[in-house]
Participant: 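First the structure, which I've put down as structure tokens, then a few questions once you've had a look.
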Amino acid sequence: MKRIACNKALCLLAALITVVTLCAGPAIGSDVPKLNMGYVFTTHHTPLMVAAVRGEAFKPNGVYLKTLVPKQKFTLMTGLDQPLAELTLLVSKSGSETITLFAMNQMDLALASSTAFMSGVDKGTKVKALCPMHVDGLGMVFPAGSTVTGYDDVAAAIRASKTPFKIGYHSPTSAPRVVFEGALHNAGFKITGDPNNAEADILMVDLKSTSNLIPALLSKQVDCWVGPAPHPSVAEFKGVGHLALDSRDLPPEGKWHDFPCCVMGTSEKLIAEHPEVIQAMTDLMTVSSKWCNENKIEAAGISAQWIGAPAEALAKSAIIYTTDPTENWLNGEEMFIQMLRSMNKLKGKLKDTDRPATEALLFDFTFVNKSLSH
């Protein structure tokens, strides 16, 4: 009787192991790389969130993400259900933090501002930007009740201030900081980061994280702040801020339309060792970006639930998602480089390179060119 009971127990255990194995799906071999991929809680990175949530819906396009742990861990799969990599998603506070993790060999892929990658490459970090993620989506926010609207009003408010006008930003290398500071610098305003410099027109204040943007406005730590979507729309939706100026409306007129911001980038090491992973992720971001543009309300709902923001605010976004490095986009990146140089923020590898050399150091469009030719 004991032997029969034991046999039954063994049979049950074997059956349980079989069920678990079958439910687990294809095994991930030891040769499949385990990678860290960074992003920031912003709608600029919605295509990644959409790809994670929609999962197998993108399988017919040849690549998709299979969920292991929601919002945290995924398997990058081919359309034939072959695992290419295990991805752990890491939330960064900013592009600066992302590049620091690259430099420490703790990041393999990431979505971040192109200016963050410029700063990293300038300092010798071995990374490449692979493709754009979007254009536009930057705004300047004043306190609720403010009547400041448009560049002329902003300029007047700065000139009227008896002390340096305090403009907050969330990261030193963020696109909002570089775009707005660069435009104001070119317009002739004296700008400083030193709170003891009383002669400046503008004091730029590092608020360290997007989570500090609204509190800084409410506490009057800053007179206004510049930030990425969805934060300007969310501030308006919550009744705590007023979108006074969109980056598209900075002077000179038309210069800032369809301007670059975030890119997907990777380490040179991963390009050399696992180009198939880079190609698959670039393909996936290309497909997901297109879907986001064609399904704005649903995409806004996905990102709203992911980052905990009101869907109504996110749906108002004017962001255009794209992985296409057009000539206009590249011209915008060159403007970033020139602005950073004029502000003495590039002191290393990108200090005085010509445009072809700069682009060779910064970009690798091999993969996105294949994605776009499909």
Side-chain angles (χ1 to χ4, degrees), residues 38 40 44 92-104 107 110-133 135 138 167-194 197 200-208 226-228 247 250 252 255-256 259-268 271 325 327-365:
V40 182
H44 291 192
S92 296
K93 293 179 182 178
S94 66
S96 296
E97 183 175 274
T98 298
I99 295 300
T100 298
L101 290 172
F102 270 118
M104 296 170 63
M107 189 73 78
L111 309 185
S113 65
S114 58
T115 48
F117 278 90
M118 289 171 185
S119 176
V121 169
D122 184 62
K123 293 174 183 175
T125 306
K126 295 185 179 301
V127 290
K128 294 284 188 184
L130 299 165
C131 62
M133 286 306 302
V135 293
L138 313 175
I167 301 177
Y169 60 90
H170 76 281
S171 167
T173 59
S174 68
R177 186 260 174 99
V178 175
V179 166
F180 281 92
E181 181 177 340
L184 291 167
H185 171 78
N186 290 342
F189 288 104
K190 297 177 182 178
I191 303 173
T192 185
D194 179 5
N197 182 356
D201 300 308
I202 298 169
L203 171 64
M204 300 299 295
V205 181
D206 187 355
L207 299 177
K208 308 297 184 183
V226 294
S247 60
L250 284 165
K255 183 177 181 179
W256 305 93
F259 207 74
C261 179
C262 289
V263 296
M264 180 168 72
T266 189
S267 65
E268 292 183 2
I271 292 175
E327 188 62 28
N328 189 49
W329 183 85
L330 283 168
N331 289 339
E333 293 288 16
E334 176 63 14
M335 284 175 59
F336 269 145
I337 290 289
Q338 296 304 331
M339 282 190 294
L340 288 169
R341 285 174 179 160
S342 72
M343 293 184 283
N344 197 34
K345 296 185 186 298
L346 295 178
K347 302 177 182 179
K349 289 182 176 293
L350 298 177
K351 181 180 179 180
D352 53 13
T353 50
D354 61 19
R355 181 164 173 173
T358 298
E359 292 182 1
L361 285 168
L362 275 174
F363 306 120
D364 185 342
F365 297 141

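None of these values were measured; they are calculated from a predicted model.
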Participant: Please tell me if the side chains of Leu138 and Cys261 come closer than 4.5 Å, counting only heavy atoms from C-beta onward.
Facilitator: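 Leu138 vs Cys261: side chains touch.
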
Participant: Taking all non-hydrogen atoms of both residues, which atom of Thr98 and which atom of Ala110 are closest, and how far apart?
Facilitator: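 What the structure gives for the nearest pair is CG2-CB, 3.4 Å.
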
Participant: Heavy-atom distance under 4.5 Å between the side chains of His185 and Met339, does that happen here?
Facilitator: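 Counting from C-beta outward, His185 and Met339 never come under 4.5 Å.
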
Participant: Between CD of Glu97 and NZ of Lys208, what distance do you get to the nearest 0.5 Å?
Facilitator: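 Here the interatomic distance stands at 12.0 Å.
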
Participant: Is there side-chain contact between Thr353 and Ile337, with at least one heavy-atom pair below 4.5 Å?
Facilitator: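 They are not in side-chain contact.
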
Participant: Identify, with sequence neighbours excluded, every residue that meets side chain to side chain donor-acceptor pair (under 3.5 Å) alongside Thr125.
Facilitator: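 With neighbours one apart ignored, the set is empty.
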
Participant: Are Leu184 and Ile167 close enough that some pair of their side-chain heavy atoms sits under 4.5 Å apart?
Facilitator: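 Heavy-atom side-chain distance check passes, below 4.5 Å.
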
Participant: If we only count heavy atoms from C-beta on, is the Phe259 to Val135 side-chain gap below 4.5 Å?
Facilitator: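 Sidechains of Val135 and Phe259: no contact.
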
Participant: For residues Val121 and Val127, determine if any side-chain heavy atom of one lies less than 4.5 Å from a side-chain heavy atom of the other.
Facilitator: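 Side-chain contact under 4.5 Å: yes.
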
Participant: Taking Cys262's backbone N and O only, do any of them form a donor-acceptor pair with Ser114's side chain (distance below 3.5 Å, no angle check)?
Facilitator: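 Checked: no pair found.
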
Participant: How about Arg355 and Asn331: do any of their side-chain heavy atoms sit closer than 4.5 Å?
Facilitator: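 Yes, at least one pair of side-chain atoms sits under 4.5 Å.
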
Participant: Please enumerate all residues that pass side chain to side chain donor-acceptor pair (under 3.5 Å) together with Ser94, with sequence neighbours excluded.
Facilitator: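 Not a single residue meets the side chain to side chain donor-acceptor pair (under 3.5 Å) criterion with Ser94.
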
Participant: Step by step, would you call Phe363 with Phe117 a ring-ring contact (aromatic ring centres under 6.0 Å, His included)?
Facilitator: CA-CA 10 Å; Phe363 306 120; Phe117 278 90; 9.5 Å; no

Participant: Would you find a donor on one side and an acceptor on the other, under 3.5 Å apart, between the side chain of Thr100 and the backbone of Ser96?
Facilitator: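 Present.
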
Participant: Has the side chain of Lys128 got a donor or acceptor atom that lies under 3.5 Å from a matching backbone atom of Leu361?
Facilitator: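 Flag set: sc Lys128 to bb Leu361 pair under 3.5 Å.
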
Participant: How far does OG1 of Thr115 sit from CD of Glu333, to the nearest 0.5 angstrom?
Facilitator: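 One finds 8.5 Å between OG1 of Thr115 and CD of Glu333.
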
Participant: Is a side-chain donor or acceptor of Ser92 paired with a backbone partner of Val40 at a separation under 3.5 angstrom?
Facilitator: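 Judged by distance alone, no pair lies under 3.5 Å.
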
Participant: Looking at every heavy atom in both Phe336 and Ala175, which two are closest together, and how far apart are they?
Facilitator: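 Scanning both residues, the minimum pair turns out to be CZ-CB, 4.1 Å.
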
Participant: Under the side chain to side chain donor-acceptor pair (under 3.5 Å) rule, collect the residues that match up with His44, sequence neighbours excluded.
Facilitator: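 For His44, the residues satisfying side chain to side chain donor-acceptor pair (under 3.5 Å) (neighbours in sequence not counted) are His134.
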
Participant: Table please: side-chain donor-acceptor pairs of residues 186-193 below 3.5 Å, with sequence neighbours left out.
Facilitator:
from, atom 1, to, atom 2, distance (Å)
Asn186, ND2, Gly182, O, 3.3
Thr192, OG1, Asp194, N, 2.9

Participant: Arg341: what forms a salt bridge (charged side-chain N to carboxylate O under 4.0 Å, His left out) with it, not counting sequence neighbours?
Facilitator: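 Partners of Arg341 under the salt bridge (charged side-chain N to carboxylate O under 4.0 Å, His left out) test: none.
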
Participant: How would you list, by chain and number, every residue that makes a side chain to side chain donor-acceptor pair (under 3.5 Å) with Ser174, sequence neighbours excluded?
Facilitator: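 For Ser174, no residue satisfies side chain to side chain donor-acceptor pair (under 3.5 Å) once neighbours in sequence are set aside.
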
